[in-house]
Amino acid sequence: MNRRVGLCFLLLLSACIYGSFAMAARKSFMDEVRESEAPFDNRTVPLEKQVIEETVVTMSPNNDEFFRVLARKKQIGRYKCSSCHTDKPVKARQGLELTHSDVVLQHGLGGRALVCIDCHHREERDYLEDKKGRKIDFDHSYQLCGQCHFRQKRDWLAGAHGKRVANWAGERVVYNCATCHNPHSPRFEKRFPATYSVPLD
Amino acid sequence: MSSDKKHPKESDIIKLLEGDSSRRSFIKNLSIAAAAGSAALTTGCIPSLAEASTEEMKLRWQEFFKKHYRLMTQEEKDAAVGRLERLAKLENNLDLQMGSEPPIDGVLYGYGFNITRCTGFMECVTACIKENNLDRKVHTQYIRIFEMEPGKLDPSTGDGQYYHEVPVDNKFYMGTQCFHCENAPCTKACPTKATWKEPDGIVVVDYDWCIGCRYCQAACPYYGRRFNWGKPEIPKDEINTKQHYLGNRIRPMGKMEKCTFCIQRTRKGRLPACVEACPTGARVFGNLLDPDSEIRYVLKHKKVFRMKEELETDPKFWYFID
């Protein structure tokens with residue numbers, strides 16, 4: 001009797017061990033994904049649609065690789081700023097009425113709300129300026145935004161924030177910060193959805 | 001009376017159907033024989049044979065007897081696509097550019113959805129409807145966006161029919177569509193093998209092989225599939241003419257359809273329409289086998305989860321949190 005119980009126990013044990021091996025042997029596609037470390041050349045994929053927007057090469061690389069970002073200067077209505085902001089002093093009141101009255105500043109919280117020269121260069125109006133006093137080109141505004149929004153910048157560089165333009169393949173071209181966000185009021189405004197849904201079947 | 005001079009069309013038909021000897025070709029020959037026989041009886045008053053001479057009937061005939069997409073050679077696929085283009089021109093005067101691009105080597109598509117970024121604007125839904133020629137009459141949508149209470153992660157608890165200003169404070173938004181499971185239950189349920197997983201991970205439907213039994217719809221735990229109850233109605237000027245055989249070509253009545261990751265775009269390097277339309281960048285798409293791709297970064301560095309993971313369907317669609 002004892003021997004029979006022992007045999008049963010042995011059988012059960014071996015079944016369990018075999019079962020666990022079988023479980024481990026079953027391969028998920030995620031194993032294949034994890035193991036694929038060979039670089040994939042996106043440029044080998046023939047593209048149907050080329051990016052026609054003007055782009056510049058970024059100053060900050062992602063994993064030592066430089067990519068392209070949508071240029072901004074042509075999108076800014078009154079660029080170059082130095083065509084108005086000359087050596088002659090501009091009266092603040094007149095300036096606001098004539099040119100920048102449409103700007104609503106809603107950037108920064110509570111008492112730490114931002115003012116113009118927090119981002120714009122104090123003297124050279126064709127440029128931005130960060131807190132270290134670096135002169136920053138409008139096309140490379142991510143350098144400026146990233147000084148506060150460093151988490152977003154880290155994600156943006158790698159592609160978890162923002163998005164690519166048109167193609168998943170080909171040379172990497174991404175949206176600039178200010179392509180999506182209004183820098184003066186970066187939060188997306190509330191609005192009605194583009195469509196509605198009806199119940200399924 | 002069966003001489004070639006009297007019935008030149010008949011020999012034409014046989015010529016264009018020649019080539020293979022299978023059960024299908026046997027049926028084909030049977031039906032040709034039947035048509036020829038009845039034609040002989042009524043001496044040419046049968047409209048079917050008369051119409052068979054027209055280009056349209058010939059094309060429809062060939063379409064009806066074509067093979068399953070997976071059994072076709074690339075030449076046969078090209079021929080089928082050419083026929084469908086020509087038929088669209090003859091029937092509806094539409095100039096289509098239909099493709100049958102094969103999967104790209106070394107590519108496995110994956111999708112990320114950022115539930116912290118989505119604000120429920122539903123731009124993705126409208127873009128999808130336009131891109132994929134979805135029926136405007138019954139308002140078919142592949143993508144659904146749910147307004148969710150904080151703490152809940154099951155879309156069935158959310159509101160899928162909201163229409164008010166979004167985003168609402170203290171709510172979050174979660175989109176669903178076909179998740180392109182690696183272990184897809186829908187493909188196993190199909191009795192005619194009309195739906196399968198392509199090597200690049202996209203689960204597709206051969207609309208001409210689908211019999212509309214809706215088993216796949218019942219098998220899908222994510223409500224990812226849609227059924228054409230009627231003939232899809234799309235305003236002619238809104239039809240997307242860039243199509244793919246397995247993708248956004250206009251489905252006939254009584255067929256199953258679903259999100260194909262915009263196969264007509266993605267196999268040519270483009271982003272799916274929903275990703276391109278998303279105004280908040282909540283959608284990430286890329287090649288899972290590319291270690292430098294955006295989707296791989298998301299999988300490596302973000303908190304990700306998949307819906308109903310316990311079912312072991314292995315979807316290629318991850319939700320993530322910033």
Side-chain angles (χ1 to χ4, degrees), chain A residues 26-30 32-50 62-65 67 151-152 154-172 174-175 179-181 187-201, chain B residues 104 106-108 110 112 114 117 119-123 125-126 129 138-139 141 144-145 160-167 182 201 223 226-227 242 265-266 268-271 275-276 278-281 283-299 301-302 314 316 320 322:
Chain A
R26 195 177 59 200
K27 240 182 143 200
S28 159
F29 82 103
M30 282 311 291
E32 190 198 344
V33 169
R34 272 184 221 109
E35 282 157 22
S36 68
E37 286 299 325
F40 176 85
D41 191 2
N42 272 325
R43 279 160 237 215
T44 56
V45 178
L47 293 185
E48 178 200 39
K49 192 186 176 187
Q50 303 295 330
N62 173 42
N63 293 334
D64 303 327
E65 212 169 307
F67 53 98
R151 286 190 196 89
Q152 281 82 349
R154 186 187 60 205
D155 284 348
W156 174 80
L157 284 172
H161 185 107
K163 60 178 186 176
R164 283 174 76 130
V165 183
N167 300 315
W168 65 265
E171 192 180 15
R172 186 163 178 239
V174 299
Y175 281 79
T179 325
C180 304
H181 298 279
R187 193 177 285 276
F188 292 117
E189 269 172 43
K190 285 191 184 191
R191 60 180 159 99
F192 273 90
T195 183
Y196 61 95
S197 295
V198 295
L200 275 179
D201 285 343
Chain B
I104 305 165
V107 174
L108 185 68
N114 190 339
R117 291 278 160 228
T119 44
F121 291 148
M122 287 171 92
E123 300 281 352
V125 181
T126 43
I129 291 169
V138 298
H139 224 72
Q141 295 169 344
R144 306 285 290 207
I145 307 285
Q161 280 135 48
Y162 64 89
Y163 192 74
H164 45 68
E165 281 201 341
V166 286
E182 185 68 15
Y223 309 103
R226 307 285 182 267
F227 185 67
K242 284 188 179 169
R265 288 168 155 246
T266 44
K268 291 178 188 160
R270 275 185 91 178
L271 287 169
V275 181
E276 203 171 306
C278 180
T280 62
R283 290 167 177 269
V284 177
F285 182 81
N287 181 5
L288 287 169
L289 300 181
D290 175 6
D292 299 324
S293 67
E294 284 89 349
I295 185 73
R296 280 287 286 275
Y297 176 85
V298 167
L299 293 187
H301 296 275
K302 295 287 169 189
D314 257 357
K316 289 184 210 72
F320 70 98
D322 256 352

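Chain naming here is simple, since letters A, B, ... match the order of the sequence lines and numbering starts at 1 in each. The shown structure was predicted, so the numbers you read here are calculated from the model rather than taken from an experiment.
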Side chain, backbone, both or neither: which part of [X] has a heavy atom under 4.5 Å from chain A?
| X | answer |
| --- | --- |
| Val284(B) | side chain |
| Ile104(B) | side chain |
| Gln141(B) | side chain |
| Arg144(B) | side chain |
| Leu288(B) | both |
| Phe121(B) | both |
| Asn114(B) | side chain |

Contact class of [X] relative to chain B, heavy atoms under 4.5 angstrom:
| X | value |
| --- | --- |
| Val45(A) | side chain |
| Asp41(A) | neither |
| His161(A) | side chain |
| Arg154(A) | both |

Quiz item: Should Arg296(B) and Glu37(A) be marked as a salt bridge (Lys or Arg N to Asp or Glu O under 4.0 Å) after you check the CA-CA gap, both sets of side-chain angles, and the distance that decides it?
Solution: CA-CA 11 Å; Arg296(B) 280 287 286 275; Glu37(A) 286 299 325; 3.2 Å; yes

Self-check item: Contacts of Lys316(B) that satisfy salt bridge (Lys or Arg N to Asp or Glu O under 4.0 Å) - sequence neighbours left out
Solution: Glu182(B)

Self-check item: Trace of the side-chain contact (heavy atoms from CB on, under 4.5 Å) decision for Met30(A) with Leu299(B)
Solution: CA-CA 11 Å; Met30(A) 282 311 291; Leu299(B) 293 187; 4.1 Å; yes

Quiz item: If every non-hydrogen atom of Ala158(A) is compared with every non-hydrogen atom of Arg172(A), which pair is closest and at what distance?
Solution: C-NH2, 3.7 Å

Quiz item: Are Arg151(A) and Asp322(B) close enough for a salt bridge, meaning some N to O gap below 4.0 Å?
Solution: no

Quiz item: When the ring planes of Tyr196(A) and His139(B) are compared, do they come out parallel, tilted or perpendicular, using 30° and 60° as the limits?
Solution: parallel

Exercise. Give a yes or no answer on whether the side chain of Lys268(B) reaches the backbone of Leu47(A) with a donor-acceptor pair at less than 3.5 Å.
Key: no

